[in-house]
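What follows is a short report on a single structure.
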Amino acid sequence: MEFKDYGDAPFVVNIEEMTLKNENYRTALWTGKNLQLTLMDIKPGEDIGLEVHDDHDQFLRVEQGEALVQMGDSKDNLSFEEKVSDDFAVFIPAGKWHNVTNTGTTSLKVYSIYAPPEHAHGTVHKTRLEGFDEH
């Protein structure tokens with residue numbers, strides 16, 4: 001299967017396989033009107049970048065790797081911290097500042113579901129730096 005945005009057509013995918021094979025920092029795999037699926041490959045020591053989504057919730061699933069998840073009501077008060085690894089799910093409520101940092105020695109492979117979509121249809125960021133240029 002090709003790494004491209006298949007939205008907003010009906011779509012079925014082996015999400016674990018695609019997440020593990022993704023080598024881009026971020027790949028939008030399906031973007032619909034109310035939902036978006038992205039795949040991420042976060043290198044050791046890198047993070048997604050401290051951010052907040054005021055108008056939507058976010059779901060993350062870790063397929064491979066180890067990470068520190070931080071959340072809070074402001075960027076200066078990340079009072080929630082949890083270590084996660086393979087098969088963990090992370091739920092990020094709208095309005096919560098959050099960051100996910102790869103604390104392991106291998107790539108952190110995750111998929112993310114945004115409702116509504118966060119990124120433009122077809123988004124591919126080969127590197128973390130490209131991802132920051134979008135904001």
(request) Could you tell me the separation between the CD atom of Glu16 and the NZ atom of Lys109, rounded to the nearest 0.5 Å? (result) 12.0 Å
(request) List in chain and number order the residues that pass salt bridge (charged side-chain N to carboxylate O under 4.0 Å, His left out) with Asp73, two or more places apart in sequence or in another chain; answer none if no residue qualifies. (result) Lys96
(request) Check side chain to side chain donor-acceptor pair (under 3.5 Å) between Thr38 and all other residues, then give those that pass, not counting sequence neighbours. (result) none
(request) Give a yes-or-no answer on whether the side chains of Gln58 and Ser112 include a donor-acceptor pair shorter than 3.5 Å. (result) yes
(message) For Tyr111 versus Leu39, what's the shortest heavy-atom pair and its separation?
(response) CB-CD2, 3.9 Å
(request) May I ask you to decide if Pro10's main-chain N or O and Trp30's side chain share a donor-acceptor pair within less than 3.5 Å? (result) no
(message) When you compare the side chain of Val52 with that of Lys75, does any pair of heavy atoms fall below 4.5 Å?
(response) no
(request) Look up atom OG in Ser107 and atom CE in Met40, then write down how far apart they are to the nearest 0.5 Å. (result) 11.5 Å
(request) State whether a side-chain donor-acceptor pair under 3.5 Å links His121 with Gln36. (result) no
(request) Share the residues that join Tyr114 in a hydrophobic cluster, the rule being Ile, Leu, Val, Met, Phe, Trp or Tyr side chains under 4.5 Å apart at the heavy-atom level. (result) none
(message) Just to verify, what does Thr101 make a side chain to side chain donor-acceptor pair (under 3.5 Å) with, not counting sequence neighbours?
(response) none
(request) Would you name the heavy atoms of Ala67 and Val100 that are closest together and state the gap between them? (result) CB-CG1, 3.8 Å
(request) State the CG-CG distance between Leu35 and Leu37, to the nearest 0.5 angstrom. (result) 8.0 Å
(message) Test of understanding: with side-chain contact (heavy atoms from CB on, under 4.5 Å), list the residues that count as partners of Asp76, not counting sequence neighbours.
(response) Ser74
(request) Indicate, with yes or no, if Phe3 and Tyr6 share a hydrophobic cluster defined by side-chain heavy-atom contacts under 4.5 Å among Ile, Leu, Val, Met, Phe, Trp and Tyr. (result) yes
(request) Under the side-chain contact (heavy atoms from CB on, under 4.5 Å) rule, what do Thr27 and Thr123 come out as? Steps first, then yes or no, please. (result) CA-CA 6 Å; Thr27 301; Thr123 295; over 6 Å; no
(request) Looking only at non-hydrogen atoms, find the nearest pair between Ile42 and Tyr25 and report the distance. (result) CG1-CE1, 4.2 Å
(request) Applying side-chain contact (heavy atoms from CB on, under 4.5 Å), name anything that partners Leu78, two or more places apart in sequence or on another chain. (result) Leu50, Gln70, Trp97
(request) Kindly determine whether Thr31 and Asp8 satisfy side-chain contact (heavy atoms from CB on, under 4.5 Å), including the steps that lead there. (result) CA-CA 6 Å; Thr31 303; Asp8 58 354; over 6 Å; no
(message) Please enumerate all residues that pass salt bridge (charged side-chain N to carboxylate O under 4.0 Å, His left out) together with Asp87, with sequence neighbours excluded.
(response) Arg61
(message) Just verifying a value: how many Å separate Lys126 NZ and Asn24 CG, rounded to the nearest 0.5 Å?
(response) 5.0 Å
(request) Group every Ile, Leu, Val, Met, Phe, Trp and Tyr by side-chain heavy-atom contacts under 4.5 Å, then state whether Ile15 and Val110 land in the same group. (result) no
(request) Just do the side-chain contact (heavy atoms from CB on, under 4.5 Å) check on Met18 and Leu29 with the steps written out, would you? (result) CA-CA 9 Å; Met18 291 299 285; Leu29 196 60; 4.1 Å; yes
(message) Contact between Met1 and Val13 at the side-chain level, heavy atoms closer than 4.5 Å - yes or no?
(response) yes
(request) Can you run down the ring pair (Phe, Tyr, Trp, His ring centres under 6.0 Å) pairs that involve residues 60-91, sequence neighbours left out, and say none if there aren't any? (result) Phe59-Phe91
(request) Mind listing the closest non-hydrogen atom pair of Asp57 and Ala94 along with its distance? (result) OD1-N, 2.8 Å
(request) Please tell me if the side chains of Glu46 and Asn102 come closer than 4.5 Å, counting only heavy atoms from C-beta onward. (result) no
(request) Kindly write out the residues that satisfy salt bridge (charged side-chain N to carboxylate O under 4.0 Å, His left out) with Lys21, not counting sequence neighbours, or none if the list is empty. (result) Glu17
(request) List for me each residue that meets side chain to side chain donor-acceptor pair (under 3.5 Å) alongside Asn99, sequence neighbours excluded, and say none if there are none. (result) Asp47
(request) Quick one: list whatever passes side-chain contact (heavy atoms from CB on, under 4.5 Å) with Val90, sequence neighbours left out. (result) Leu60, Val69, Met71, Val84, Ile92
(request) Identify the heavy atoms of Gly104 and Pro44 that sit nearest to each other, and give their distance. (result) O-CB, 3.4 Å
(request) Return the minimal non-hydrogen interatomic distance between Gln64 and Asp86, and the atom names on each side. (result) CA-OD1, 3.3 Å
(message) Contact between Arg26 and Val124 at the side-chain level, heavy atoms closer than 4.5 Å - yes or no?
(response) no
(message) Lys43: which residues meet the salt bridge (charged side-chain N to carboxylate O under 4.0 Å, His left out) condition with it, sequence neighbours left out?
(response) Asp41
